Amino acid sequence: MDWNILGVALLLTLSGLYFLETERARASEQTITVRALKPARTTLERAWLAEPLQVFMRQMQMARHRRSDLWPMDKGGF
């Protein structure tokens, strides 16, 4: 394994964690009342609450399918 790649990956991970921690510390704490939380209204919102990973993957597939004419990997070319 190349040590340079490992070093860069470690540096990026640590800098990302540092960024997340500083943003979390800077953000103000918000209290949300129960009235602000509304139930899911549409079928998509209900599906997202029940199975978020499947909904996300389905949306990704549909986006890829919509642009498949522009995507060279779908045609087998590089």
Side-chain angles (χ1 to χ4, degrees):
M1 173 182 261
D2 189 10
W3 290 105
N4 290 332
I5 294 175
L6 182 64
V8 168
L10 184 62
L11 181 65
L12 288 173
T13 302
L14 290 175
S15 64
L17 290 173
Y18 176 75
F19 175 73
L20 287 175
E21 179 62 25
T22 55
E23 290 296 316
R24 187 197 60 80
R26 193 168 44 162
S28 61
E29 185 175 338
Q30 298 177 355
T31 56
I32 299 175
T33 63
V34 177
R35 292 179 192 202
L37 300 175
K38 298 177 183 173
R41 295 178 304 261
T42 64
T43 305
L44 180 62
E45 288 178 357
R46 286 193 297 275
W48 179 260
L49 292 175
E51 298 176 340
L53 183 61
Q54 287 83 355
V55 171
F56 174 73
M57 292 304 292
R58 188 172 296 132
Q59 289 173 342
M60 292 296 292
Q61 281 182 325
M62 289 305 297
R64 185 175 178 198
H65 180 70
R66 280 193 300 267
R67 67 173 190 183
S68 65
D69 293 337
L70 303 174
W71 193 249
M73 297 295 284
D74 289 341
K75 297 176 185 174
F78 292 98

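Owing to the predicted nature of the structure, the values given are computational and were not obtained by experimental measurement.
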Side chain to side chain contact (heavy atoms under 4.5 Å, CB included) partners of Gln61, counting only residues at least two apart: none

Single-linkage hydrophobic cluster, 4.5 Å side-chain cutoff, Met57 and Met62 together: no

Flag side-chain contact, heavy atom, 4.5 Å: Arg58 against Leu44: no

Value rounded to 0.5 Å, distance of CG in Leu10 from CD1 in Ile5: 13.5 Å

Heavy-atom closest pair, residues Arg41 and Arg46: O-NH1, 3.3 Å

Atom pair CG/CG of Leu11 and Leu6 - distance to nearest 0.5 Å: 11.0 Å

Common cluster, Val55/Leu53, ILVMFWY with side-chain heavy-atom separation under 4.5 Å: yes

Taking every non-hydrogen atom, the tightest pair across Thr13 and Ala9: OG1-O, 2.8 Å

Partners passing side chain to side chain contact (heavy atoms under 4.5 Å, CB included) against Arg24 (at least two apart in sequence or in another chain): Glu21

